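Report on one structure; see the data block that follows.
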Amino acid sequence: MLPVDLLVHGGDVLTVDAPGTVVTDGAVAVRAGEIVAVGPAARLRAEYAAAEEIDARGCLVLPGLVNTHTHLAMTLLRGSADDVTLQGFLERVIPREAALLSPEAVAVGTRAAIAESVRGGVTTALDMYWFHEAAAEVAREAGWRLLTGPTFMDVPEPPDGRPYAERLSWAGDWLARHIPAPGTRPVLFAHSAYTLAPDQLAAVTALARAHGALLHLHAAENAAEVATVVERHGMRPVELLDSLGVLGPDTLLAHAVVLTDGEIAALARTGTAVAHCPASNLKLGCGIARVPELLDAGVTVGLGTDGAVSSNTLDVLGAVRLAALVHKAGGDPTAVGAEQAVRMATIESARALGLGDRLGSLEPGKRADLIVLDLARPHLAPRHDPYSTLAYAATAADVRDTVVDGRVLMRERALLTLDEAGAVAALDAAVAPAPAAPAHLT
């Protein structure tokens, strides 16, 4: 028998490969963080001797969910900017961030966010935020897959105190010494066309291209943003980005809600991907992204949650349900189907990050990111179709086990690499008001 580190066996394995293979009573064998075999449980148990096993009988085994747009440490401000427009949200949050954020605060917020994500079956996230090195260290300690890097946003007083003029050289130094972990890649974040000037956007793009980095930015999130960019530059956000050479196969746009037919064609022509964040878009009143049209044009669309202030949750499985439902509002129940929505959270999200050859499906040679979903619950019975179960019935609470790079981070709903209670307590303490100074006695 061949030795492996982990064998997950007995459940129905939803591979999310190209033909949509489902292996009933299947198994996944893992060695050195990589999937080495997927097939019937009886065969794999006869061929492989595992140091660790997960009995998945009565469960669904599927690829880990991929969050293509979030701001993890914004857990610090969850619930502090609700029921406002995007512009009102920014006006409320940015000053609070400036006062609150530090490497220590970002570490606290990120640790709680990772605990929430692991519980919900999220194994990878693209995180745009300040003090990215603090977040990366927390993720490394937890064994969780995080893509992050320097963020560019030309504001008078950035939380890290580093003005834009210094950021390019700092980011270049970081890219030069950064060695991506398996299943990740370097990333640069250019916040948006309304917080960066055209020459700044072009410079950040050039730096990203020089280092083979993914470039991620917000674009066309709502009508007010589009109007602002048109007023300043005479072009809509996606038109401006296209004219500057920002669009391309190594660029991922967050939101892309307010698009013309021509802009959708430009995204398709340049190979630019989109991170669809339905919960955030609905909560902020931004509108409903033209996802069916994007898909019809051949644009890669992944799913994201945005931060825990704009959506109040890091639940990617919830985003799957919203993506499968909200686009039916126009009267076409086939607009985004259950299988398409699940693929958007797995293989299509991986492709949006430029990592489709390494993540997003359960196939030999890919990184061993997988989750086990407990099916033995009334709201999941009967189970006629696994994609339907996931998209329309399952919740984050149904995730029983989470594995990243072959390492079990949650087993039987117990987190193994994070002190969950400590993370929550630290988060509460970080935002608690300072005690009032005692009055002087006279």
Side-chain angles (χ1 to χ4, degrees), residues 8 11 13-17 28 35 56 59-70 72 113-127 139 142-147 183-184 252 254 273 275-280 300-308 311 313-324 336 338-353 355-356 358-363 366-375 380 386-405 407-410 413 415:
V8 182
V13 179
L14 187 69
T15 66
V16 197
D17 62 3
V28 180
I35 297 171
C59 299
L60 185 64
V61 182
L62 65 147
L65 306 176
V66 179
N67 190 343
T68 58
H69 178 67
T70 189
L72 291 174
I114 293 175
E116 178 182 350
S117 298
V118 170
R119 280 214 167 276
V122 180
T123 55
T124 299
L126 178 63
D127 178 39
W144 195 65
R145 192 179 310 285
L146 181 66
L147 280 72
T184 69
L252 172 61
H276 177 37
C277 304
S280 173
T300 297
V301 180
L303 286 182
T305 62
D306 213 342
S311 69
T313 178
L314 302 174
D315 179 8
V316 173
L317 198 53
V320 170
R321 181 178 298 187
L322 280 177
V336 175
E339 181 173 352
Q340 181 66 64
V342 172
R343 285 183 172 275
M344 285 166 62
T346 51
I347 186 61
E348 296 304 319
S349 278
R351 287 173 178 151
L353 300 178
L355 296 170
R358 286 170 271 179
L359 306 174
S361 62
L362 301 181
E363 301 178 81
K366 288 197 171 184
R367 305 308 301 174
D369 291 6
L370 60 88
I371 60 176
V372 178
L373 193 114
D374 184 2
L375 295 175
L380 300 179
Y387 290 107
S388 173
T389 297
L390 286 169
Y392 299 125
T395 71
D398 297 319
V399 177
R400 194 193 74 179
D401 309 295
T402 300
V403 177
V404 177
D405 249 0
R407 182 180 181 185
V408 182
L409 305 191
M410 182 171 74
R413 296 189 174 86
L415 300 186

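A quick note: this is a predicted structure, and the numbers were derived from the prediction, not measured. Positions are given from 1 along the sequence.
A donor-acceptor pair under 3.5 Å links the side-chain atoms of Arg413 to the main chain of Ala397, judged by distance alone. Not a single donor-acceptor pair under 3.5 Å links the side chain of Arg119 to the backbone N or O of Leu415. Between the side chain of Thr68 and the main chain of Leu303, a donor-acceptor pair closer than 3.5 Å is present. Under the 3.5 Å distance criterion, the side-chain polar atoms of Thr15 are matched with a main-chain donor or acceptor of Asp17. When atom types are taken as modelled, the side chain of Thr402 and the backbone of Val118 share a donor-acceptor pair closer than 3.5 angstrom. Side chain of Asp127 to backbone of Leu146: no donor-acceptor contact under 3.5 angstrom is found. Put simply, the side chain of Arg367 never gets that close to the backbone of Val404: no donor and acceptor are under 3.5 Å apart.
Atoms CZ and OH, on Arg343 and Tyr387 in that order, are 4.5 Å from each other to the nearest 0.5 Å.
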Using the rule given for side chain to side chain donor-acceptor pair (under 3.5 Å), can you reason through Thr305 versus Asn67, listing the C-alpha separation, both sets of side-chain angles and the distance that settles it, and then say yes or no?
CA-CA 7 Å; Thr305 62; Asn67 190 343; 2.9 Å; yes
Do Thr313 and Asp315 pass the side chain to side chain donor-acceptor pair (under 3.5 Å) test, and can you show the C-alpha distance, the side-chain angles, and the key distance before you say yes or no?
CA-CA 5 Å; Thr313 178; Asp315 179 8; 4.7 Å; no
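Of all the heavy atoms in Thr70 and Ala125, the pair that sits closest is CG2-CB, 4.1 Å. Looking at every heavy atom in both residues, Ser361 comes nearest to Pro63 through CA-CG, 3.6 Å. Here the closest non-hydrogen pair linking Ile114 and Ala142 is CG2-CB, 4.3 Å.
Between Leu380 and Leu373 the shortest side-chain heavy-atom distance falls below 4.5 Å.
Remark: Ala254 engages His69, His216, His218 in a side chain to side chain contact (heavy atoms under 4.5 Å, CB included) (not counting sequence neighbours).
Of the candidates Arg351, Glu348, Met344, Met344 is the only one forming a side chain to side chain contact (heavy atoms under 4.5 Å, CB included) with Val301.
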